[in-house]
Engineer: 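First, the structure itself, so that you have it in front of you.
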Amino acid sequence: MDFLNYALMQRALLAAVLVGVTAPAIGIYLVQRRQSLMGDGIGHVAMTGVGLGFLLSASPVWTATAVSVAGALLMELIRWYGRTRGDIALAMLFYGGMSGGVLFVNLAPGGSNANLTSYLFGSLSTVSPSDVTAICLLAAFVVAVTLGLRRQLFAVSQDEEFARVTGLPVRALNLLTAVTAAVTVTVAMRVVGLLLVSALMVVPVAAAQQLGRSFAATFAIAVAIGVSVTIGGTVTSYYQDVPPGATIVLLAIAAFVALTALSAPPARRRARPAAAARPAAARPAADPAGCTIPATRGAAEEAGA
Amino acid sequence: MERQDDTVVSLRGVRAELGSRPVLRGIDLAVRRGEVVALLGANGSGKSTAVRSAIGQVPVTAGEVALFGTPLGRFRDWARVGYVPQRTTTEGGVPATVTEIVSAGRLARTRFGLFRGADRAAVREALERVGMADRAKDPVTALSGGQHQRVLIARALAVEPELLIMDEPMAGVDLASQEVLAHTLREEVGRGTAVLLVLHELGPLEPLIDRAVVLRDGCVLHDGPPPRASADIPPSSPLRSSRGYPQPGHDHVHPHDASGAAPIRTGPLS
């Protein structure tokens with residue numbers, strides 16, 4: 001445990017733990033809304049923010065936060081208004097963001113694409129004390145939103161129309177989700193890198209789904225997996241001198257594969273008694289909604305005859 | 001004319017479009033306190049759009065919508081409304097238990113989503129009323145279609161509404177669950193809850209229904225007592241030819257109606 005004596009490593013581990021908590025915490029809502037790749041899009045947009053930081057000699061963490069929050073809000077607005085050509089608009093936003101980042105970095109005095117690499121794939125040696133302060137503040141915001149508003153965010157992610165009829169401010173909550181995802185991207189940027197951020201939002205959640213039966217349990221397991229793989233990846237990269245982001249993501253995928261293999265037998269055990277208990281009811285459950293009306297009609301006809 | 005404060009749902013001259021296709025072409029509909037109103041009609045007649053416009057989920061291009069006497073735009077008292085959507089949107093990508101789903105229906109009665117003892121008790125009671133209390137901790141993915149529908153109804157009941165709006169609550173529901181749902185609804189009506197529901201056919205809910213509104217091509221075709229099979233509908237009536245509601249060849253769904261001897265009359269259509 002000699003690595004704990006280095007200030008650099010202490011900072012890196014603190015940042016890693018915060019990433020391990022925040023990325024799955026917001027990721028679970030994105031997965032529930034089937035917007036798993038939103039984090040990836042925000043990551044691309046955040047590159048413009050990093051480039052802007054270099055150009056203006058400001059802290060790239062804060063400029064990336066500002067730009068990715070703006071990008072996430074824009075994505076959410078496109079989702080409301082530009083339904084028909086929404087995917088095209090999003091593609092322009094993503095690749096425009098990436099190009100903007102490359103352009104700004106190269107415009108910056110003495111800047112080249114090499115400066116971007118540590119932001120794209122994560123780097124431990126460059127986590128500065130001021131970065132740690134910024135990451136702590138941003139992570140506190142993410143944790144406050146994802147835990148404090150968990151019931152509201154769950155309701156909106158589960159069934160948006162129903163949430164509106166319960167009087168929840170659905171638009172505000174959607175914007176808050178987008179902003180929180182953007183903030184999480186910049187929290188994770190220094191450790192796992194912008195290109196791999198989305199993996200840490202999605203893969204621990206996918207792994208936790210194999211075990212969890214409730215949303216609360218899935219949330220807790222996803223965060224536990226997130227923290228385990230970020231600490232594991234950070235320590236590995238200390239000894240092996242590999243980029244931490246890649247190690248963390250590969251560990252997360254390994255956790256997903258292992259948990260999927262472990263949970264397959266119980267899933268079969270659960271399914272068998274359920275199928276045996278109600279063979280008749282199993283059919284409507286499996287049917288898509290479009291086929292259910294003829295099925296009911298058929299049943300009523302039989303009953304009436 | 002009924003007094004305004006007695007009307008829980010009121011649609012006046014409501015028009016709505018989906019895409020550029022007019023779906024509602026001037027609908028008038030009123031549900032009074034404690035009344036059970038069924039919205040009937042063929043597929044595409046606009047019945048789902050009508051209930052969804054009543055709760056602001058479909059933008060209205062003309063006409064007025066009011067809930068509890070308040071124009072929809074200013075209505076904030078959502079704790080008085082329980083909504084059961086068509087069973088399509090409830091399975092998210094992440095596992096969730098029956099209790100977690102039903103708890104979402106209680107949010108309108110909480111402050112900032114903080115649950116107290118009374119809120120947990122209300123969720124438990126809602127589950128008991130649909131006979132799903134023993135499945136409270138099960139993931140919703142393990143449920144049959146009928147059980148799933150009962151959970152959605154429990155979610156709407158958890159808020160203890162004065163008005164229950166249901167979109168095709170019997171679609172894809174097995175007979176056992178249909179009986180449970182009819183019983184739950186009877187209890188709910190006994191408490192004085194007003195109900196507006198979209199139905200494909202009256203089925204086991206028939207005795208509960210005070211009034212039926214039949215839509216066809218976005219217009220109200222009939223508003224009055226529920227039409228009892230073919231007796232009330234002359235062969236020349238457009239009701240008979242409208243696809244989906246009383247269909248020729250479907251009369252045997254209601255074998256208890258001795259309809260053969262009844263004289264032809266325009267009945268509620270006049």
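As a basis for the values below, the full set of heavy atoms in this structure was taken, side chains included, without hydrogen atoms, waters or symmetry mates. Reminder, nothing fancy here: chain letters follow the sequence lines and each chain counts from 1.
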Engineer: Any donor and acceptor pair, going by atom type alone, linking the side chain of R109(B) with main-chain N or O of V159(B) inside 3.5 Å?
Structural biologist: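 Here the side-chain-to-backbone pair exists.
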Engineer: Can you sort out the partners of V84(B) under side-chain contact (heavy atoms from CB on, under 4.5 Å), two or more places apart, ordered by chain and number?
Structural biologist: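 Once residues adjacent in sequence are excluded, the partners of V84(B) under the side-chain contact (heavy atoms from CB on, under 4.5 Å) criterion are Q149(B), L152(B), I153(B), A156(B), M166(B).
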Engineer: In terms of the angle between their ring planes, are W78(B) and F75(B) parallel, tilted or perpendicular, with boundaries placed at 30° and 60°?
Structural biologist: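 Judged by the thresholds at 30° and 60°, the geometry between W78(B) and F75(B) is perpendicular.
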Engineer: Is A163(A) in contact with chain B via its backbone, its side chain, both, or neither, using a 4.5 Å heavy-atom distance?
Structural biologist: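 The answer is neither part of A163(A).
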Engineer: What part of Q57(B) gets closer than 4.5 Å to chain A, counting heavy atoms only: side chain, backbone, both or neither?
Structural biologist: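 It is the side chain, since no backbone atom gets that close.
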Engineer: For S214(A), is it the side chain, the backbone, both, or neither that has a heavy atom closer than 4.5 Å to a heavy atom of chain B?
Structural biologist: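 For S214(A), backbone and side chain are both near chain B.
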Engineer: Counting only non-hydrogen atoms closer than 4.5 Å, can you tell me which residues of residues 46-55 of chain B sit against chain A?
Structural biologist: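 So far as heavy atoms go, R52(B), I55(B) are the residues that approach chain A to under 4.5 Å.
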Engineer: For chain A, find which of A108(B), A104(B), A96(B) contributes the most heavy-atom pairs closer than 4.5 angstrom.
Structural biologist: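 Most pairs with chain A among the choices: A96(B).
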Engineer: Between the side chain of T99(B) and the main-chain N/O of A136(B), is any donor-acceptor distance below 3.5 Å?
Structural biologist: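 The answer is yes, because a donor-acceptor pair under 3.5 Å joins these two groups.
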Engineer: Would you say that I26(A) contacts V145(A) through its side chain, given a criterion of any heavy-atom pair below 4.5 Å between the two side chains?
Structural biologist: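 Result no, sub-4.5 Å side-chain heavy-atom pair not found.
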Engineer: If the plane angle is over 60° it's perpendicular, under 30° parallel, otherwise tilted; pick one for Y83(B) and F162(A).
Structural biologist: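 If you compare the ring of Y83(B) with that of F162(A), the planes turn out parallel.
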Engineer: Which answer fits L149(A), side chain, backbone, both or neither, if we ask what part of it has an atom under 4.5 Å from a heavy atom of chain B?
Structural biologist: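 Contact with chain B involves no heavy atom of L149(A) at all.
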Engineer: Return yes if some donor-acceptor pair links the side-chain N/O of R76(B) with the main-chain N/O of G73(B) below 3.5 Å, else return no.
Structural biologist: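 It does hold such a pair.
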Engineer: Tell me whether the guanidinium CZ or amine NZ of R80(B) lies under 6.0 angstrom from the six-membered ring centre of F68(B) and within 45° of its axis.
Structural biologist: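 Judged by the rule, R80(B) and F68(B) form a cation-pi pair.
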